[in-house]
Amino acid sequence: MSLVVAKFGGTSVANYAAMQSCASIIAANPNTKVVVVSASSGVTNLLVELTKATINDIQRDALINDINVVQQDILMQLDASVDVVSAIGQVLNRIQQLSEALVLDRSKAIMDELLSCGELCSSILFAEVLKQIGVNATAFDVRHVLRTDSHFGKAEPQIEQISHLVEQHLLPHLATQCVVTQGFVGADCHGQTTTLGRGGSDYSAALLAEALHAEAVEIWTDVAGIYSTDPRITNNARPLKEISFNEAAEMATFGAKVLHPATILPAVRQQIQVFVGSSKQPELGGTWIRHQVHNPPVFRAVALRRGQTLLNLHSLQMLHAQGFLAHIFTTLAQHKISVDLITTSEVNVALTLDQTGSDSSGQGLLTEALLQELSQHCRVRVEDKLALVALIGNQIATTSGLCKQVFEVLEPYNVRMICQGASPHNLCVLVSENDAADVVTRLHGQLFELEGRC
Ligand code: ASP
Ligand code: MG
């Protein structure tokens with residue numbers, strides 16, 4: 001069976017009209033048997049607000065009201081069956097109960113169950129939209145199959161168990177039905193609800209596709225694919241028809257908003273091709289991300305990631321010594337911090353933090369505790385308001401003559417750090433956030449607009 005998993009992001013299921021466009025996309029491809037939805041746009045943010053300790057009763061009521069309005073609006077326009085009205089009513093009641101429970105018990109398990117409610121609503125509603133246009137659809141609770149560990153807020157999927165559970169509980173439906181399920185949500189071995197971290201729905205879709213040995217994963221969002229750079233930065237950004245898994249993974253890691261960085265992993269493992277397109281304008285086509293691509297160019301895209309923090313660690317212990325880096329990285333690992341870029345000198349090591357590791361509540365990564373611990377071994381300097389500009393492509397490290405083109409553009413700027421050589425697919429520079437858009441626009445002009453590459 002040639003099977004497609006389609007995922008619709010928050011803006012694609014933001015309201016009834018948006019859901020209708022998505023439904024036409026599903027109806028047009030009978031191979032689309034599994035649909036993964038995000039919460040309607042804004043709902044997860046409201047739920048995150050509800051989990052905060054600082055809100056008072058009035059604020060809580062206002063937040064719950066805002067969530068109810070989004071869901072009830074869709075429900076009303078849908079002219080839904082009694083069952084659907086009651087199912088949504090139950091989820092909305094649950095939001096009320098869970099947010100009240102949090103006042104007494106600030107349990108992470110309760111927070112995750114609360115956060116899952118947005119996806120629960122949109123899956124129930126979207127299944128109904130599909131039914132109304134004649135698709136034999138059913139809402140399916142992903143917690144039956146998406147097994148994770150119990151790290152609430154950023155749970156780790158248990159791949160083998162997911163594969164077994166999917167075979168047992170999900171696959172049998174697909175012979176006759178199109179299943180609509182929740183992104184971002186999982187359950188641990190005790191059946192407690194977990195979440196995969198903000199933006200985790202793409203990951204959910206890829207995990208299910210992996211377990212189902214799907215032919216493709218479609219990520220339907222509000223842009224017509226992946227661009228050579230962020231179109232909000234320069235009008236000259238161009239949509240890419242095709243990119244490789246390696247390039248896409250680098251792009252996602254280095255700031256392209258289209259994909260959750262981890263999304264690509266389950267797809268890579270199984271060599272499942274991923275499509276990214278706009279649910280509002282499916283006719284524009286989109287980008288295919290594949291294992292093998294034709295004629296990979298040296299430079300494919302420029303990615304930008306703002307809000308970077310640079311840690312500079314200085315220690316004379318580093319001089320002709322062993323184990324200093326091991327020590328530093330052990331400390332970072334204990335604080336669950338992963339590192340993006342790293343450069344070293346005789347007595348310094350500079351590194352940038354990977355902010356994609358933050359949990360569902362978006363808690364800051366660089367804690368006082370960590371800084372104190374590091375300070376025991378070295379002098380720590382922290383610099384923020386930096387941005388990472390990454391040139392993504394192929395054979396970058398082994399192609400001669402590239403540096404001149406790149407450094408010509410960088411000449412007027414203060415480059416805080418450069419990383420090149422580890423991967424054939426990227427060349428990264430760290431610049432001030434204020435310069436970032438200019439640097440991206442000029443690099444794009446120099447590398448893509450002059451010679452008509454990409
Ligand atoms: N609704 C979740 C979020 O806003 C997951 C997702 O949309 O991917 O982070
Ligand atoms: Mg999203």
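Keep in mind that what you see is a predicted model, and the values were worked out from it rather than measured. Residues: numbered from 1 along the sequence shown.
Between the side chains of His444 and Ser228, at least one donor N or O lies within less than 3.5 Å of an accepting N or O. The closest side-chain donor-acceptor pair between Glu156 and Thr148, if any, does not fall under 3.5 angstrom. In the model, Arg232 has no side-chain atom that pairs as donor or acceptor with a side-chain atom of Tyr227 under 3.5 Å. Side-chain atoms of Asn45 and Arg198 include a donor-acceptor pair closer than 3.5 Å. Looking at Thr193 and Asp112, their side chains never bring a donor and an acceptor atom within 3.5 Å of each other. Glu250 and Ser423 form a side-chain donor-acceptor contact under 3.5 Å, judged by distance and modelled atom types alone.
Thr221 places no side-chain N or O within 3.5 Å of a backbone atom of Gly9 that could act as its donor or acceptor partner. In terms of modelled atom types and a separation under 3.5 Å, the side chain of Gln182 and the main chain of Phe140 share a donor-acceptor contact. Judged by distance alone, the side chain of Ser40 and the main-chain N or O of Val13 form a donor-acceptor pair under 3.5 Å. Distance alone, capped at 3.5 Å, places no donor-acceptor pair between the Gln192 side chain and the Ala109 backbone. Counting only distance, with no hydrogens or angles, the side chain of Thr229 and the backbone of Val302 share a donor-acceptor pair below 3.5 Å. No donor-acceptor pair under 3.5 Å is formed between the side chain of Thr287 and the backbone N or O of Gly225. Without hydrogens or angle criteria, His425 side chain to Ile392 main chain gives no donor-acceptor distance under 3.5 Å. A donor-acceptor pair under 3.5 Å is absent between the side-chain atoms of Arg416 and the main chain of Leu310, judged by distance alone. Between the side chain of Thr441 and the backbone N or O of Ala437 there is at least one donor-acceptor pair closer than 3.5 Å. Asn136 contributes a side-chain N or O that, together with a main-chain N or O of Thr176, makes up a donor-acceptor pair within less than 3.5 Å.
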**Request:** Please test Met251 against Ile226 for side chain to side chain contact (heavy atoms under 4.5 Å, CB included), starting from the C-alpha separation and ending with a verdict.
**Result:** CA-CA 9 Å; Met251 273 187 85; Ile226 299 175; 3.4 Å; yes
**Request:** Show your working on side chain to side chain contact (heavy atoms under 4.5 Å, CB included) between Gln446 and Val406 and close with a plain yes or no.
**Result:** CA-CA 8 Å; Gln446 169 94 328; Val406 174; over 6 Å; no
**Request:** Please step through side chain to side chain contact (heavy atoms under 4.5 Å, CB included) for the pair Gln308 and Leu430, ending with a clear verdict.
**Result:** CA-CA 8 Å; Gln308 295 302 294; Leu430 197 66; 4.1 Å; yes
**Asked** Hey, mind stepping through Leu371 and Val382 against side chain to side chain contact (heavy atoms under 4.5 Å, CB included) and telling me if it holds?
**Response** CA-CA 9 Å; Leu371 287 176; Val382 182; 3.9 Å; yes
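The side-chain heavy atoms of His213 and Ile272, taken from C-beta on, include no pair separated by under 4.5 Å. A heavy-atom distance below 4.5 Å is not found between the side chains of Ser204 and Val142. Here the side chains of Thr181 and Asp141 are not in contact, with every heavy-atom distance at 4.5 Å or above. Contact of the Thr194 side chain with the His151 side chain is not registered, since no non-hydrogen atoms from C-beta on lie closer than 4.5 Å. Annotation: side chain of Phe299 is not in contact with side chain of Asn394 (no heavy-atom distance under 4.5 Å). Within the 4.5 Å cutoff, side-chain heavy atoms of Val129 are placed close to those of Met19. With contacts defined as side-chain heavy-atom distances shorter than 4.5 Å, the pair Ser116/Arg143 qualifies. The closest side-chain heavy-atom distance from Trp220 to Pro282 is below 4.5 Å.
Glu433 and Leu386 make their closest contact through CG-O, 3.4 Å (heavy atoms, listed as atom of the first residue, atom of the second, distance). When all heavy atoms are compared, the tightest approach of Thr51 to Arg106 is O-NH2, 2.7 Å. When all heavy atoms of Ser38 and Ser122 are compared, the pair lying nearest together is O-OG, 2.5 Å. A pairwise comparison of heavy atoms in Leu47 and Gly118 identifies CD1-N, 3.5 Å as the closest pair.
Between Phe275 and Trp288, the ring-plane angle classifies as tilted under the 30° and 60° cut-offs.
If you run side chain to side chain contact (heavy atoms under 4.5 Å, CB included) between Glu167 and each of Leu170, Leu171, Leu165, only Leu171 comes through. Exactly one residue among Ile67, Leu63, Leu120 makes a side chain to side chain contact (heavy atoms under 4.5 Å, CB included) with Ile95. That residue is Ile67.
For the atom pair CG (Leu196) and OG (Ser201), the distance works out to 8.0 Å, reported to the nearest 0.5 Å. The OG atom of Ser21 sits 6.5 Å away from the NZ atom of Lys280 when rounded to the nearest 0.5 Å. Between atom CD of residue Glu113 and atom CZ of residue Phe152 there is a gap of 10.0 Å, rounded to the nearest 0.5 Å. Between Cys121 atom SG and Asn68 atom CG the span is 8.5 Å, to the nearest 0.5 Å. Between Ile233 atom CD1 and Leu304 atom CG the span is 4.5 Å, to the nearest 0.5 Å. Atom CG in Leu311 sits 7.5 Å away from atom CD1 in Ile337 (nearest 0.5 Å).
Using a 4.0 Å cut-off between a side-chain N of Lys or Arg and a carboxylate O of Asp or Glu, Glu247 and Arg300 qualify as a salt bridge. Ion pairing of Arg290 with Glu242 is present here, as a side-chain N (NZ or NE/NH1/NH2) and a carboxylate O approach within less than 4.0 Å. Salt-bridge formation is detected for the pair Lys7/Asp202: a Lys NZ or Arg NE/NH1/NH2 atom is positioned less than 4.0 Å from an Asp or Glu carboxylate oxygen.
Counting heavy atoms of neighbouring residues, nucleotides and ligands inside a 6.0 Å radius, atom NE2 of His164 does not exceed 12 of them. Atom CD of Glu283 is surrounded by more than 12 heavy atoms from other residues, nucleotides or ligands within 6.0 Å. Within a 6.0 Å radius of CG in Asn56, more than 12 heavy atoms belonging to other residues, nucleotides or ligands are found.
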